[in-house]
Protein chains: 2
Amino acid sequence: MANIIKKYTPGFNIHDIQKKYNLKKVIKLASNENPFISKNVLSFINNSKHNLNLYPDSNPHNLHSEIAKSIGYRMTDKNIILGNGSNEILELIVRSNIDNKSEVIIPKHSFLVYEIISKLQNAKIIISKPENDKNNKNYLGVNLTAIYEKISKNTKLIFIANPANPTGTYISIKHIDDFLKSIPKKILVIIDEAYFEYLDSNIDKSAISLIKKYKNIYVTRSFSKIYGLASLRVGYGVSNPENINKLKLYKQPFSTNYFAQKAASIALKDSSFIKESKKNNHDALQQFKKIFDELKITYLGTYCNFITFRVGNNSSSLFNYLLTKGVIVRPLTNYKLPEYLRVSLGSPSDNKLFIKHLKGFYSENTK
Amino acid sequence: MANIIKKYTPGFNIHDIQKKYNLKKVIKLASNENPFISKNVLSFINNSKHNLNLYPDSNPHNLHSEIAKSIGYRMTDKNIILGNGSNEILELIVRSNIDNKSEVIIPKHSFLVYEIISKLQNAKIIISKPENDKNNKNYLGVNLTAIYEKISKNTKLIFIANPANPTGTYISIKHIDDFLKSIPKKILVIIDEAYFEYLDSNIDKSAISLIKKYKNIYVTRSFSKIYGLASLRVGYGVSNPENINKLKLYKQPFSTNYFAQKAASIALKDSSFIKESKKNNHDALQQFKKIFDELKITYLGTYCNFITFRVGNNSSSLFNYLLTKGVIVRPLTNYKLPEYLRVSLGSPSDNKLFIKHLKGFYSENTK
């Protein structure tokens, strides 16, 4: 069985590209990291005494409570499970619920980890087709009608990323609610909200608001995106306490490390950092959209901290051109989007470099 | 199924005991942590710039090579898999090889995680009986003959901790070699060497020396013990490259965090820290043995950084007495050793406190 499973291919590594192309400066806009780091977290790390020799807290109640409070919707610590990245939570849900008799529905162009972890449980993977109306803001994103049509008596789990990576699209909570209402309650639904914090919290509600209404849903969140802590591996899952307790049986006692726990707690409270990160992301988005429009490059949804843009047959030549200039973006062939590339919204200086070389490529190739 | 699985119970937490008994100072000798921390690691953490916002290296070749070099036996980076603690490696081996048709042999009184992760794969757990000769240094430890007798046509995996926790016993590599020679080659054997570094490397060989001879063995090691990095979660597995590649299919791309990778690399090279840690452990061991002998308390093997000692019917009253004095040790009822307690070998001052209160208990109870 193991031979049918592809390993996840992460974004290229800065150091490898420096060596390969003999470059001094290489920037990475390939893994949708926040370009900034909370000063409060850095100060804690640099200026505190750390008992590195001691095991981390295996059940950090206080952090669970802080997270519950921060997300609202009357959640408590009992609704929360902390993970070694939200990937661990996805894996725990799959391991504790899926076997070789299960069908798992995954929308086409989804985060690759969904398929990898489901195949490891020998599940049958059912790919649902994306939205196909080019005038729709969800073009190539999650299509709930198409998912509904794929439901069979063996369907056990559905993955929905909202907002979605790499398509950047977003479905309103009203549509998710209607969808959940329509499906059999024995089917579990994971709503992956790794990029949720980039939305406008005054307009967009989280699927966590539906947890008291539906026992069959799990929402996952990450500290690797807007919170700027990808290095430390920390994310969480939210569901009803019964589901959470079941996941905890599958969890290793010390899967989240000391710095992950401490930094998550600090970052949660650093509201000015989150605000600045959103502001930078918003500004970068406007700048990128303007350039893409100028260059007549079309792009997909823009609800996250990246843009996936269509370059047709140029995708591998543009990708390689950017590499030689020290700019790493993400090819999307693995995501069945071979004509697209994905670029993360970085710091102003990194964005400037990307834009310069993007323009350079098009000016060289249209001479 | 999930209801038959017990969760792992970690050692009590210092903060909880401080609150419960209103104590200023509480020491923990319950989780076999090194009482010391490498100054080189601490200095890196306090004095370096950390790109916390970036994902860690998903395949840290250099660290794999450094580990391979440090363990010798002609291992290379291809023999190594890094894990979120060695627990993750144990789990990957079980998940990728064990199902509901498998029998897993676990020696009585073994580390509880072996049984938990095997049950999560619905395996049938077979407990083999321990050594039962009181004059044997391996008393209550791993009994290879008893394991051999439990082998059936369904046996798929055998766990052997060497040295073993919580019995502290150690089997020579010659006996392990003979055992491996005698069993069918389709049976996988995990040799858990979490405490290996406390042995005398001039006398005691690692089971890694057998990896080129037997394709069916995996050796696991930890940075949570002598390397003093329990907080960061890092360990590794060693096997032939084919086995390692299979495990990597099951591994999440970013399961080991940035600090785990950096600190492991630094700690590996901090030979004076390892030397001092061993010296402290050796001195503490002599001191503890002397006290136990004085108090006529018998104890099990002493190859690790803890001693498991027999207090008979006194075990829960002594455990609670020590708690009220601010000393946390480990009860072993979960390990089917209800008449024993386990104490970690701590710093000189912590050991002094433990000894003071141990003596206090016996003087109060023999008045």
Side-chain angles (χ1 to χ4, degrees), chain A residues 2 5-11 13-15 28 31 33-38 41-42 45-59 84-85 87-88 91 95-96 113 116-117 120 224 228-234 246 248-260 263, chain B residues 2 5-11 13-15 28 31 33-38 41-42 45-59 84-85 87-88 91 95-96 113 116-117 120 224 228-234 246 248-260 263:
Chain A
I5 298 155
K6 276 190 202 151
K7 261 165 54 183
Y8 178 81
T9 313
N13 171 302
I14 289 178
H15 184 72
K28 187 181 161 207
S31 300
E33 293 133 334
N34 188 334
F36 306 114
I37 310 172
S38 158
V41 173
L42 278 180
I45 286 174
N46 281 150
N47 302 320
S48 304
K49 189 183 161 292
H50 306 295
N51 292 326
L52 298 180
N53 54 326
L54 304 183
Y55 282 89
D57 192 345
S58 70
N59 194 13
N84 187 37
N87 277 13
E88 187 190 17
E91 188 177 85
R95 284 177 57 207
S96 58
V113 163
I116 294 172
I117 59 180
L120 288 172
S224 301
L229 301 177
S231 68
L232 298 181
R233 316 309 303 124
V234 56
K246 185 173 173 189
K248 283 183 175 173
L249 290 177
Y250 283 76
K251 188 178 183 307
Q252 291 276 358
F254 305 110
S255 71
T256 56
N257 68 85
Y258 160 82
F259 283 117
Chain B
I5 297 155
K6 276 191 201 151
K7 260 163 59 182
Y8 178 80
T9 313
N13 172 302
I14 288 179
H15 184 72
K28 187 180 162 207
S31 300
E33 293 134 336
N34 188 334
F36 306 114
I37 309 171
S38 158
V41 173
L42 278 180
I45 286 174
N46 282 149
N47 302 320
S48 304
K49 189 183 161 294
H50 305 296
N51 293 324
L52 298 180
N53 54 327
L54 304 184
Y55 282 90
D57 192 345
S58 70
N59 193 13
N84 188 34
N87 276 13
E88 186 190 17
E91 187 176 84
R95 285 178 56 206
S96 58
V113 164
I116 295 172
I117 59 180
L120 288 172
S224 300
L229 301 177
S231 67
L232 299 182
R233 316 310 304 123
V234 54
K246 185 173 173 189
K248 284 184 176 173
L249 290 177
Y250 283 75
K251 188 179 184 303
Q252 290 276 359
F254 305 110
S255 70
T256 57
N257 68 86
Y258 159 82
F259 282 118

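Only heavy atoms go into these numbers, but all of them, side chains included; no hydrogens, no water, no symmetry mates. Just so we're on the same page: letters track the sequence lines, and every chain starts at 1.
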Contact winner vs chain A - [options], heavy-atom pairs under 4.5 Å:
options: B:Val113, B:Leu52, B:Val234, B:Asn257; answer: B:Leu52
options: B:Arg95, B:Lys251, B:Lys49, B:Lys248; answer: B:Arg95
options: B:Asn46, B:Asn13, B:Thr256; answer: B:Asn46
options: B:Ser224, B:Gly85, B:Ala260, B:Ala263; answer: B:Ser224

Go through the atoms of A:Ser58 and report whether side chain, backbone, both or neither lie under 4.5 Å from a heavy atom of chain B. side chain
Any side-chain to backbone donor/acceptor pair from B:Glu33 onto B:Ala230? Under 3.5 Å, distance only. no
Which is it for A:Gln252 and B:Ile117 under the side-chain contact (heavy atoms from CB on, under 4.5 Å) test, yes or no, and what are the steps along the way? CA-CA 9 Å; A:Gln252 291 276 358; B:Ile117 59 180; 3.8 Å; yes
Based on non-hydrogen pairs under 4.5 Å, which of [options] is most in contact with chain B?
options: A:Ser48, A:Gly228, A:Ser96; value: A:Gly228
options: A:His15, A:Glu91, A:His50; value: A:Glu91
options: A:Leu232, A:Asn59, A:Leu54; value: A:Leu54

Salt bridge or not for A:Arg233 and A:Glu88, using N-O below 4.0 Å? no
Turns out that what part of B:Ser38 lies under 4.5 Å from chain A's heavy atoms comes down to neither
To the closest 0.5 Å, what do you measure between CZ (A:Phe254) and CG (A:Asp57)? 9.0 Å
When rounded to the nearest 0.5 angstrom, what is the spacing between CG in B:Asn51 and CD1 in A:Ile37? 5.5 Å
Specify the closest pair of heavy atoms between B:Ser231 and A:Pro56, including all atoms of both residues, with the distance to one decimal. CA-CD, 3.8 Å
Under 4.5 Å between any side-chain heavy atoms of B:Phe36 and A:Asn53, yes or no? no
